[in-house]
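What follows is a set of notes on a single structure, which appears directly below.
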Amino acid sequence: MAKAPVLTPQAEDFPRWYQDLINKAELADNGPVRGTMVIRPYGYGLWERMQQELDARIKKAGAQNAYFPMFIPQSYLTKEAEHVEGFAPELAVVTHGGGKQLEEPVVVRPTSETIINEYFSKWVQSHRDLPLLINQWANVVRWELRPRVFLRTTEFLWQEGHTAHATYEDARDYASMIHTQVYGDFMTNVLGIDVVLGRKTAKERFAGAINTLTLEGMMGDGKALQMGTSHELGQNFAKAFNTTYQLQGAEREYVWQTSWGVSTRMVGGLIMSHGDDNGLRVPPRLAAVQAVVLAIKGDDAVIAKVREIGAALEAVGIRTVVDDRTDTPFGRRAVDWELKGVPLRIEVGPRDLENGTAMLARRIPGGKEPVSIDALAALLPGILEEDQALLLRQSRERREARTVDVKTLDEAVEAAATGWGRISWADLGPEGEAKLAEQGVTVRCIVAADGSVPETDDQDGNIAIVARAY
């Protein structure tokens, strides 16, 4: 009788495979309140690595970290009409505290444009205070009707950047720089996901923004996932909160603003982009554990050697764990590490010691081969880079193979059944976009004819990327 697979095969039921993997790889659990999640240590380790990589890029872009309260007076949200209308269905509102009804209800932070502008209006006085570049790592609450762990949860973790500038051009260029040099670089070169950078349509734009830039990734089932966004807010919030600065004379001018964010949704994107029927495959540059050294048996010499190998790999900068838990069967441990997607396993037993070799298992391309123990420290850094490049190449090849050019709405819907469609925005337009939405297909972004990010929605030659989305 055939042994049952550890995970539901992707081809059989992709959503079930996703949930199985989250459970079996010990990434997260459902929280006690519908739509919330408990992120387990291994899953949180992935998020911590994402934080570290992104935080370094954000600081290089000149932004400083700060923190703002999670409780926001409800009146703040009503100051920007489009903003409150966009978020109203998702708001969690507190009406009682300390056993008493509050004089004014407070909203649990869905995003922080309003409360941050309240303080920007105090902090910005003259042109010398600009640009003001702030980022915060926080949690937010958006009451989710169709929750799915990591992808759509009532509470999730993220970073949100908020900036104020003296001119439209400065704000526009900063939002674009975050889009490409912070998010685009991170997702391509660390997550190994071949994201498409584009411009959101007016329908899909962030509530209160004049332009939204997006990064869209194709998941293993062909659907799209919005991995992050960077918004030009214009002067909408500045006017609502009277955020102004003094020019060289006595004249005052409203600031121009941006906001931008990515969240724990990226963990879901990582799973669905790179996972296979055996579990996760974690990009080496992201992995909190790049290599695990396993003792096959509880032999003293074997235990000593795996610890020696672990120290040697750490010494050359490889993030390494030594697994000498020989009271747990080797097969079970190997499957657990495979499920978790650790890029490299180095397996050592008594026979390997006799031969001076270890068995090297590569999670990303698959396969095992004996390698000289003495050569491991010199060999593995290059292998990790090879495997990082392979994941990006596979992501790009999948997107290219499952994206087709279409000319009609029917063809667009057909393309979205298995992947993405590319259709002229001039031919589709807002009317066609609305008709696609009726069939569960959305315009993920608009790109220029050459694949770059267009400066305007109606730029000649713009192409709409259409897909079903998470």
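Atom set for the values below is all heavy atoms of this structure, side chains included, hydrogens, waters and symmetry mates excluded. Since the structure is predicted, the reported quantities are computational estimates derived from the model, not experimental observations.
Every pair passing side-chain hydrogen bond (donor to acceptor under 3.5 Å, both in side chains) that includes a residue from residues 260-275 is listed here, sequence neighbours excluded: Thr258-Trp260. Pairs engaging residues 278-290 under the salt bridge (Lys or Arg N to Asp or Glu O under 4.0 Å) rule: Arg285-Glu385 [sequence neighbours left out]. Every pair passing salt bridge (Lys or Arg N to Asp or Glu O under 4.0 Å) that includes a residue from residues 214-223 is listed here, sequence neighbours excluded: Lys200-Glu216, Glu216-Arg444. Residue pairs meeting the salt bridge (Lys or Arg N to Asp or Glu O under 4.0 Å) criterion with at least one partner in residues 53-77, sequence neighbours excluded, are Arg49-Glu53, Glu53-Arg57, Asp55-Lys59, Arg57-Asp185.
In this structure Tyr174 satisfies the ring-ring contact (aromatic ring centres under 6.0 Å, His included) test together with His165, sequence neighbours excluded. Phe71 is linked by a ring-ring contact (aromatic ring centres under 6.0 Å, His included) to nothing, counting only residues two or more places apart in sequence or in another chain. Judged as a side chain to side chain donor-acceptor pair (under 3.5 Å), and not counting sequence neighbours, the contacts of Arg109 are Tyr67, Asn139. Residues meeting the salt bridge (Lys or Arg N to Asp or Glu O under 4.0 Å) test with Arg422, sequence neighbours left out: Asp405. Among residues two or more places apart in sequence or in another chain, the ring-ring contact (aromatic ring centres under 6.0 Å, His included) test is passed with Phe237 by His83. Annotation: side chain to side chain contact (heavy atoms under 4.5 Å, CB included) contacts of Ala66 (sequence neighbours excluded): Phe68, Ile134. With sequence neighbours excluded, the residues forming a ring-ring contact (aromatic ring centres under 6.0 Å, His included) with Trp256 are Tyr168, listed by chain and number. Every residue two or more places apart in sequence or in another chain was checked for a salt bridge (Lys or Arg N to Asp or Glu O under 4.0 Å) with Arg398, and none qualifies.
Note that CE of Met227 is 8.5 Å distant from CG of Leu215, once rounded to the nearest 0.5 Å.
Phe241 does not carry Lys239 over the face of its six-membered ring by the limits of under 6.0 Å from the centre and within 45° of the normal.
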